[in-house]
Protein chains: 4
Amino acid sequence: MSQQDQIEQWIQEIIKIDEAKLTDKQIKIIQAAVEVFAEKGYAASSTSEIAQKAGVAEGTIFRHYKTKKDLLLSIVSPMMSRLIAPFVWNDFKEVLESDYPTIEEFLYALAVNRLNFARKHLKLIKILLQEIPFQPLLQEEFKKHIGNKVFHRFAEIVEHFKSKGQIIEMPAPSLLRFSASAMIGLFISRFVIFPDQPWDEDKEIRDTIQLILNGISAKP
Amino acid sequence: MSQQDQIEQWIQEIIKIDEAKLTDKQIKIIQAAVEVFAEKGYAASSTSEIAQKAGVAEGTIFRHYKTKKDLLLSIVSPMMSRLIAPFVWNDFKEVLESDYPTIEEFLYALAVNRLNFARKHLKLIKILLQEIPFQPLLQEEFKKHIGNKVFHRFAEIVEHFKSKGQIIEMPAPSLLRFSASAMIGLFISRFVIFPDQPWDEDKEIRDTIQLILNGISAKP
Amino acid sequence: MSQQDQIEQWIQEIIKIDEAKLTDKQIKIIQAAVEVFAEKGYAASSTSEIAQKAGVAEGTIFRHYKTKKDLLLSIVSPMMSRLIAPFVWNDFKEVLESDYPTIEEFLYALAVNRLNFARKHLKLIKILLQEIPFQPLLQEEFKKHIGNKVFHRFAEIVEHFKSKGQIIEMPAPSLLRFSASAMIGLFISRFVIFPDQPWDEDKEIRDTIQLILNGISAKP
Amino acid sequence: MSQQDQIEQWIQEIIKIDEAKLTDKQIKIIQAAVEVFAEKGYAASSTSEIAQKAGVAEGTIFRHYKTKKDLLLSIVSPMMSRLIAPFVWNDFKEVLESDYPTIEEFLYALAVNRLNFARKHLKLIKILLQEIPFQPLLQEEFKKHIGNKVFHRFAEIVEHFKSKGQIIEMPAPSLLRFSASAMIGLFISRFVIFPDQPWDEDKEIRDTIQLILNGISAKP
DNA sequence: TATGAATGAGAGTTCATTCAT
DNA sequence: TATGAATGAACTCTCATTCAT
């Protein structure tokens, strides 16, 4: 089992996706909704178009989802936790220290994993990002997940390396923001802005990691 | 005249905003539209709400703007060039070399300028970013401005410093993306994600610039 | 056996309610339907709410009743005959003359009986009255029962007393309408308009009867 | 000027109907709505049918009335005060004593006036009565108007005659209920139950008044 | 017999747009 | 130029009814 597969497996255990309970029609509705929401935006999408694309009657949508917003949220809300799943690992630090020879290798594995995840769920993530500003419920979840979980985990790690004198003297939030921005910037360039360009993903990931590490490493 | 004022003046000359021609009602319509679009998103906003907020009749909007989309674009489209105005300077390089003692100082002046600009036009920029995915016209403009102008200008500068051995050996697009991501990440954190936190903007800007420069500087 | 019980027994014999044939689920459906129809009105009630309240599946209702209207009518239609049952007695006159010392006593017994009946089936009677204007079938039944049976019976009695010089000289329909209005007015006040006030029912009934008899009695 | 005209004039002054402000289309909408609501009941009526009957677009209805219920209430609610207008006269007692030779004559004038009013607004009154049970707002208005105004006025008059020994010793509410029931019973018979029968309205009114007065007069 | 998912017609309502004033 | 009443298509959502299980 490769390291990537291993990471993926851990994630699956964490989030326990129970798509099993969905009926055939529900899956078709969700697929159609993702398609249409991603293309036109939530507000500009019509339930009739979703129904048509899903091959069901419009009423069927409302049998499974009380309102159109309900449909959106039940699609998009679980995405948030899946998106940041690897960062809320309980044994994150152990994995980092034991399973990977260098921090570069660890970050590379993580980045590849998330990049593949993003590639797989591109449209859903688009919808999520588009709708966060307008859906208070999503904002709450965002704060809960990112703010409380991911942030504290990262702060821990940063302090760990800082205390060893390996990281530049700077507030943890700034370092986290910087690192995350660089990675997210890569993702957005790759998938949103220039999806049709030829990309040497591997090299771009490695370069970005190097730039980040250069940036935050303490100078001798 | 301070350096900031000087930059601002140059920008004004470049973009030549002709708000002078707008009637009183038009200005009210635009202000109301920005307000409503930013709050609810373009698709979920109604022209009647805009009219009401602007204190004009519904018909008046359509006297000045053929369609709702027309209203959106005439608000948002000019923003793109204003947003990237300083980066398309003709005498960018001269300014950089002659007016500022170090590159840090130059980047700092630039960042402060854009941060203040973003603060002033926050809602408009929000709308712009929200609607780019759905408005082909905006996408074209984005590519035209960013792709052709900003990118080439930066590539020039990067090559200049590379040839002097001061910048790490890496493709210019990657370096640009990395630098821009770090700065934009700061802006989004400041204005979108944590607008209500207390911010030491100056320090955050200087830190971010330091991290970027650390990242891209050639190691001795 | 009290006179009230005796009257009740006669009524039961007349109308022969065959609720025995109803299954458990049917009874629950009817109860739920009465509840919901009375609360929201027939047209504003949904079969799904009835099904939910009855604890059965939506389809089950339509297994027993072809349509929603069918459900309404099979609930409400038998009520009409039950409501006017005592007035269509075959031996009405004999009872009146033999079993009760005075006409006041007879009317009092009758009123108490109907009042208790109305109290017991309040919601059903509400539905019946609400729906008569919109259900031609109910209108027919109303005319058949009231018009043909009750009216002729009363006309007979009135003529009987008129011929004895005990009742004022006035057309029987007017006298019937007057008497019925006074009693029905009492019922509606009691149950519909002021159901929550404290009522001395006995006294109100006796007063109303006295007023009616005062009104229709021939003056010496 | 006849006594009837005089009464009508007083009423007009009291209720101050300002139908003048209604546009042509609004009047058509109201007329159509009254027609359809009366025929099918509020809940079973569709706005599209009303629009069609009024000869306007469906959207036009919602420009003037926020919701379907709004349409109902703005039609029906003003009816309540108009319906009971003559009974809330400030100088009711003076009129009764000065302008009419006998109380019979006064009641007769009043009854004729209300009968003509009911005839003119038959459908509206039907709708009002049908919807009172389901519209809390109407119930409130009913209690406010009938309970507080009409009732107290009548109680006053009853006490006045009681003290002169002309009315039977009985609670005022019972006497009012009895009298109102007899009159309302006549109206309902006339307009709702047997609208198609030939009616000698004058005689029926006079008979009913006589029966009421017989009922409530103190016996020598 | 009982279920409940599925239907699709039609409900009330919104809205960008038009046009007579 | 500015208005706002009017439009009617399109929207989200409800509902009585059907039917495979």
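Just so it is clear: chains get the letters A, B, ... in the order the sequence lines come, proteins before strands, and each one is counted from 1. This is a predicted model, so every value here is computed, not measured.
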key: N-O pairing of A/R63 and C/E58 below 4.0 Å   = yes
query = Looking at F/dA16, F/dT12, E/dT17, which one has an atom nearest to any side-chain atom of C/S46?
reply = F/dA16
key: Charged tip of A/K68 within 45° of A/Y42 ring normal and under 6.0 Å   = yes
remark   = From the candidates E/dA2, F/dA6, E/dG8, the one with an atom nearest any side-chain atom of C/K25 is E/dA2
task = Please report, rounded to the nearest Å, how far the C1' atom of E/dC15 is from the CD1 atom of B/I50.
result = 12 Å
ask   = Closest to the C/T60 side chain: E/dA2, E/dT17, F/dT3?
value = E/dA2
Rounded distance (nearest 0.5 Å) linking atom NZ of D/K53 with atom CD of D/E35 = 5.5 Å
request  = Nearest whole angstrom, please: distance from the C1' of F/dT1 to the NE2 of B/H64.
outcome  = 8 Å
ask   = Is any side-chain heavy atom of A/L71 less than 4.5 Å from a side-chain heavy atom of A/T47?
value = no
request  = Whole angstrom is fine here: how far is it from CD1 in B/I61 over to C1' in F/dT1?
outcome  = 15 Å
Dot-bracket encoding per residue of DNA chain E, Watson-Crick/G-U cut-off under 3.5 Å, | denoting interstrand = .||||||||||||||||||||
request  = Nearest whole angstrom, please: distance from the C1' of E/dT13 to the CD of B/E49.
outcome  = 16 Å
Integer-rounded Å distance: E/dA16 P and B/L72 CG = 12 Å
task = Return the value, rounded to whole Å, for the distance between atom OH of C/Y65 and atom P of E/dT1.
result = 14 Å
ask   = What nucleotide, of F/dT17, E/dA16, E/dT13, holds the atom closest to the side chain of C/T47?
value = F/dT17
key: Evaluation steps, side-chain contact (heavy atoms from CB on, under 4.5 Å), between B/M80 and B/K144   = CA-CA 10 Å; B/M80 192 104 65; B/K144 197 177 67 189; over 6 Å; no
ask   = Which one, F/dT18, F/dT7, E/dA20, comes nearest to the side chain of B/R63?
value = E/dA20
inquiry  = Heavy-atom nearest nucleotide on DNA chain E for A/G55 versus B/S45: which residue maps closer to 5'?
reply    = A/G55
task = Give the rounded distance in Å between these two atoms: NZ of B/K40 and P of E/dA16.
result = 11 Å
query = Which nucleotide, E/dT3, E/dT17, F/dT12, lies nearest any side-chain atom of B/E58?
reply = E/dT17
note = The residue, B/G59 or A/A44, whose nearest nucleotide of DNA chain F is more 5′ is B/G59
message = Atom CD of residue position C/Q139 - does it have more than 12 heavy atoms of other residues, nucleotides or ligands inside 6.0 Å?
response = yes
message = Need to verify one output field. Residue with the more 5' nearest nucleotide on DNA chain E, C/A57 or D/K66?
response = C/A57
inquiry  = Any carboxylate oxygen within less than 4.0 angstrom of a Lys/Arg side-chain nitrogen, looking at B/K123 and B/E39?
reply    = no
task = Calculate the interatomic distance between C/Q52 atom CD and F/dT14 atom P; express it in whole Å.
result = 13 Å
